[in-house]
Amino acid sequence: MSGGPGGGFIRAVGLRRDEIPSFAEYPFAIPAIATLDVLPLHPAVTYLVGENGTGKSTLLEAMAIAAGLNPEGGGRNFAFSTQRSESELAHYLTLVRGAARPATDFFLRAESLFNVASEVDRLEDETRGLLDSYGGKSLHDQSHGESFLALTLNRFGADGLYFLDEPEAALSLHSSLAMLRRIHDLVRAGSQFVVATHSPIVMAYPDAVVYRFSDTGIEEVAYESSDQVVLMRDFMADPARFVHYLLMEED
């Protein structure tokens, strides 16, 4: 059953605060997590942005786990584990689901794409034909960026629920634009995305919700006023001047 344009399969994510053993311990001590109550999600695309260490990837990972996906990436039939590193946050999250259920889902993180590619090859050896869903060519036989795009072009489909963790780490600028187009095509086919990113290009999807994670918690911001966009705009306005002041020696 389709979720419509922008699936809305998950309407919100909530933290069961009364069950948290201690807000003084990781990951609950992270300000964005410590102040989390209920975070509404856009039915099409929701972006989680902020500096490293602010908790955006931690929350995204926990949401993917709570949705039944493998912590290291992949779909719900992926059960491999190379090194356990996920937090306990998923055990304390509630996903507020819509009436429809996704036809497919996937957790894609640039840092563990190698492990996902290895698991795809292993499953292909056990069940011939699986690789066709990934473009018919081993992801290991392509560059990092090529395999990333091949996966989204071939494995991702309509009425899907997709969690993307910093996809720009695998993508060139042109590939980032291709990723944005792919997101658009899938949203029009009823899919929903939750994306943690630093990229002004990846986070440029029209009318998406952007949540900024910081030392004070989580707040919704306009794309144009997000830190990433403001910084990039200032840099591109006068790169030479920007770099001059950046590299000035202190008196």
Side-chain angles (χ1 to χ4, degrees), residues 10-67 71 85-96 107-111 162-171 176 179-180 183 192-237 242-243 245-246:
I10 299 179
R11 295 179 177 176
V13 55
L15 181 65
R16 299 193 299 277
R17 302 181 59 84
D18 58 337
E19 299 180 16
I20 304 302
S22 173
F23 279 98
E25 298 178 1
Y26 177 85
F28 309 106
I30 299 173
I33 306 303
T35 58
L36 178 63
D37 186 13
V38 176
L39 192 70
L41 300 183
H42 193 282
V45 184
T46 302
Y47 291 108
L48 313 180
V49 305
E51 290 299 316
N52 294 327
T54 53
K56 61 187 185 301
S57 291
T58 300
L59 180 59
L60 182 80
E61 175 188 77
M63 290 174 60
I65 296 171
S85 61
E86 67 271 19
S87 74
E88 297 300 311
L89 180 58
H91 301 305
Y92 301 93
L93 291 184
T94 296
L95 301 183
V96 181
F107 179 27
L108 184 54
R109 49 196 319 173
E111 68 179 24
Y162 303 112
F163 300 91
L164 308 183
D165 189 17
E166 300 185 4
E168 68 275 7
L171 302 174
S176 294
M179 171 63 73
L180 195 62
I183 289 174
Q192 181 182 21
F193 286 81
V194 185
V195 186
T197 183
H198 296 283
S199 170
I201 293 177
V202 171
M203 62 182 284
Y205 194 78
D207 301 320
V209 166
V210 180
Y211 288 118
R212 177 168 58 198
F213 286 53
S214 70
D215 290 340
T216 59
I218 305 174
E219 63 177 331
E220 184 176 349
V221 296
Y223 171 80
E224 294 79 8
S225 60
S226 65
D227 297 338
Q228 291 87 341
V229 172
V230 170
L231 182 60
M232 183 59 69
R233 184 186 297 122
D234 289 347
F235 178 83
M236 294 306 299
F242 193 101
V243 172
Y245 283 105
L246 177 66

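- Taking the side chain as every heavy atom from C-beta outward, V49 and D227 never approach each other to under 4.5 Å.
- Atom-to-atom distance recorded for T54:OG1 and I218:CD1 is 9.0 Å, nearest 0.5 angstrom.
- With a 4.5 Å cut-off on side-chain heavy atoms, L59 and L93 count as touching.
- With hydrogens and angles disregarded, a donor-acceptor distance shorter than 3.5 Å links the side chain of Y223 to the backbone of P200.
- The CD1 atom of I201 lies 10.0 Å from the CG atom of L171; values are rounded to the nearest 0.5 Å.
- A donor-acceptor pair under 3.5 Å links the side-chain atoms of R17 to the main chain of A34, judged by distance alone.
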(request) Given side-chain contact (heavy atoms from CB on, under 4.5 Å), test T197 with E168 step by step and report yes or no. (result) CA-CA 7 Å; T197 183; E168 68 275 7; 2.7 Å; yes
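- Of all heavy-atom pairs between A62 and A90, the closest is O-CB, 3.5 Å.
- Side chains of H198 and E166: a donor-acceptor N/O pair is present below 3.5 angstrom, by distance only.
- Within a 6.0 Å radius of CD in E220, other residues, nucleotides and ligands contribute more than 12 heavy atoms.
- When all heavy atoms of S226 and M203 are compared, the pair lying nearest together is OG-CE, 3.4 Å.
- You'll find the side chain of Y162 stays beyond 4.5 Å of the side chain of L108, heavy atoms only.
- Here L89 contributes atom CG and I65 contributes atom CD1; the two are 8.5 Å apart, rounded to the nearest 0.5 Å.
- K56 places no side-chain N or O within donor-acceptor distance of the main-chain N or O of A196, the cut-off being under 3.5 Å.
- Note: H91 NE2 to I20 CD1 = 11.0 Å, rounded to the nearest 0.5 Å.
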(request) Check step by step if salt bridge (Lys or Arg N to Asp or Glu O under 4.0 Å) holds for R109 and E61. (result) CA-CA 9 Å; R109 49 196 319 173; E61 175 188 77; 3.0 Å; yes
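- The shortest distance between side-chain heavy atoms of Y92 and P21 falls below 4.5 Å.
- With contacts defined as side-chain heavy-atom distances shorter than 4.5 Å, the pair R233/E224 qualifies.
- Taking the ring centroids of F193 and Y205, they lie at or beyond the 6.0 Å cut-off.
- Remark: the backbone N or O of H42 is paired with a side-chain donor or acceptor of Q192 at under 3.5 angstrom.
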(request) Determine, step by step, whether I10 and F163 satisfy the side-chain contact (heavy atoms from CB on, under 4.5 Å) criterion, reporting the C-alpha distance in whole Å, the side-chain angles of both residues, the deciding distance to 0.1 Å, and the verdict. (result) CA-CA 11 Å; I10 299 179; F163 300 91; 4.0 Å; yes
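- Distance check, rounded to the nearest 0.5 Å: OH of Y47 to CG of L164 gives 9.0 Å.
- The backbone N or O of L41 lies less than 3.5 Å from no partner atom in the side chain of Y211, so there is not a single donor-acceptor pair.
- With values rounded to the nearest 0.5 angstrom, M232 atom CE is found 7.5 Å from F235 atom CZ.
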(request) Please assess D165 against F107 for the test side-chain contact (heavy atoms from CB on, under 4.5 Å), listing each intermediate value before the final yes or no. (result) CA-CA 8 Å; D165 189 17; F107 179 27; 4.2 Å; yes
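- Looking only at atom types and distance, the side chain of S214 has a donor-acceptor partner in the side chain of T216 under 3.5 Å away.
- Contact between L180 and A204 at its shortest, heavy atoms only, is CD2-CB, 4.1 Å.
- Contact annotation: the side chain of F23 never approaches that of T35 to less than 4.5 Å [non-hydrogen atoms, C-beta and beyond].
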